[in-house]
Amino acid sequence: MSLVTKTAAQLTQAMAVGDTSAVEVTQAHLDRIAATDERLGAWLEMTAEQALADAEAIDTSRAAGESVGPLAGIPVAIKDLMCLTGVATTAGSKILEGFRPPYDATVVSKVKQAGGIILGKTNMDEFAMGSSTENSAWGDTHNPWDLGRIPGGSSGGSAAAVAGFHSPLSLGTDTGGSIRQPASVTGTVGIKPTYGRASRYGLIAFASSLDQAGTFGRTVHDAAVGLQAICGHDPLDSTSIPEPMTSYTEGLDAGVEGLRVGIVTEWMGTGGGAEADPGVMTAVRHAIDRLAALGAEIVEVTLPHASYGLPAYYLIAPSEASANLSRYDGVRYGLRVDGATTHEMMAATRAAGFGAEVKRRIMIGTYALSAGYFDAYYGQAQKVRTLIIRDFAAAFDQADVLVGPTCPTVAFPLGDKTADPLAMYLNDIYAVPASLAGMPAMSLPVGFDDGAPEAEGRDGLPVGLQLIGPLLGEPVMLQTAAALEADLDLDLTPRGANALEAPTA
Ligand code: GLN
């Protein structure tokens, strides 16, 4: 088996017994990227030289009998809004062209401390605003399952890199679905931890009360090991949770016997909410049947205010963004377009530097926060947020973990929704409630949109199941996902007429 098709766990094992080295593993992934990224477009900036040097250092420590970290020698892709010392960090925006941060984001330094090998920065929607990675200033990323389709967003590059065997592990951020939705449409596992569990220090801010870093992997175990490495209390982030960490891997094979799995009726077409596409619902229902067969107790729960999540999110997130993005003024970072006065210089810089979606959000947010409209928009949205938080608290009285579809559709063709912002926003209809309430949530591949997940010869596109845990309930969420993953045993190699070529042996 080729090195790039191995999971992080398999690579760790192979390196531990001396079957391969960190340098070989790193080189194999760099070769795969060099051969195929022209078609995938997952990467903005490679750090190949540093990666090989880091890999060599890991091999040297291992040879000297020193203990190595949990990600030792494992390639990791970093979303381009995470500060990486000395390396271009643009958040997918022209306005940050030329910005090289003088420090590492905490999640990045934690990857380094764990021995992870950073391969480079991945493409994303500008400032993480979008669901298709088509809002990047630097071009589109493609879905490895069908190069004519979107990889999801905003962490589309990180998702495509993992699905396309460019890296076994990647980091993304999720403000209102930006890890879960790309994971769902690329057939990868994507996890967003509880708000405050991973540090926001050194992440380029979008909506600070919602932004969370997390991981993508091709297995629950890999994504959980990555998550364990990047999470934990950080005094540099005032919203970081001071609780000690629990293990995300110890209970992974505990099964679901006796666990209460809550089906969110509003997301199943039975509670008055919008239903996902039939191909998505078939795979989601099959996954729920399997959880029942594995011994879980299936209970129905309701999130009566979840349907107001999207409108509340599209007031709160743009409001926070309008404040966070005011710092891009042509003085402090990146781009500057000259003007006769300081004011004209700032206006010209922002006009040239921001893309259309970012400008739309700044305008919506500025309006929602303006004196005469604050109570009617931002204030009202915050009240809705409180109701959604209460809905989740009530649901978790009845259930240990909640499940439903991650998104309403599978990957759609590039260009399909770029003319219609609302159609794009609807991708995250099931994702934003957990973000507003700060719950840990993830997407697990559970099948394909062309019928029975176990059918042979299928060429359908992957479908994700969303699992939501209680606050700091990552372990029970991961345990449920791992049980289902083992039971379904899906082949997640992209295939079909328009797929990215599979790695050669
Ligand atoms: N797609 C949503 C948006 O555009 C979520 C983005 C995210 O989670 N960063 O706001």
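Counting convention: from 1, in listed order, for ligands and their atoms alike.
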Please verify the inter-ring angle class for Phe354 with Tyr328; under 30° counts as parallel, over 60° as perpendicular, anything in between as tilted. perpendicular
Is the shortest side-chain heavy-atom distance between Pro168 and Pro75 below 4.5 Å? yes
Scan side-chain atoms only and decide if Asn143 and Thr186 contain a donor-acceptor pair under the 3.5 Å cut-off. no
Using a distance-only test with no angle check, is there a side-chain donor-acceptor pair under 3.5 angstrom linking Ser155 and Asp174? no
Ignoring hydrogens and angles, state whether a donor on the side chain of Lys417 or Ser132 is under 3.5 Å from an acceptor on the partner side chain. no
Contacts table for ligand 1: protein N or O within a distance under 3.5 Å of ligand N or O, distances only.
residue: ligand 1; atom: 1 (N); partner: Gly130; partner atom: O; Å: 3.0
residue: ligand 1; atom: 1 (N); partner: Ser131; partner atom: OG; Å: 2.9
residue: ligand 1; atom: 1 (N); partner: Asp428; partner atom: OD2; Å: 2.5
residue: ligand 1; atom: 4 (O); partner: Gly130; partner atom: N; Å: 2.8
residue: ligand 1; atom: 4 (O); partner: Tyr314; partner atom: OH; Å: 3.4
residue: ligand 1; atom: 4 (O); partner: Arg361; partner atom: NH1; Å: 3.4
residue: ligand 1; atom: 4 (O); partner: Arg361; partner atom: NH2; Å: 2.7
residue: ligand 1; atom: 8 (O); partner: Thr175; partner atom: N; Å: 2.8
residue: ligand 1; atom: 8 (O); partner: Gly176; partner atom: N; Å: 2.6
residue: ligand 1; atom: 8 (O); partner: Gly177; partner atom: N; Å: 3.4
residue: ligand 1; atom: 8 (O); partner: Ser178; partner atom: N; Å: 3.0
residue: ligand 1; atom: 8 (O); partner: Ser178; partner atom: OG; Å: 2.7
residue: ligand 1; atom: 9 (N); partner: Ala128; partner atom: O; Å: 2.8
residue: ligand 1; atom: 9 (N); partner: Ser178; partner atom: OG; Å: 2.7
residue: ligand 1; atom: 10 (O); partner: Tyr313; partner atom: OH; Å: 2.6
residue: ligand 1; atom: 10 (O); partner: Tyr314; partner atom: OH; Å: 3.4
residue: ligand 1; atom: 10 (O); partner: Arg361; partner atom: NH1; Å: 2.9

Side chain to side chain, Val107 and Leu171, heavy atoms closer than 4.5 Å: yes
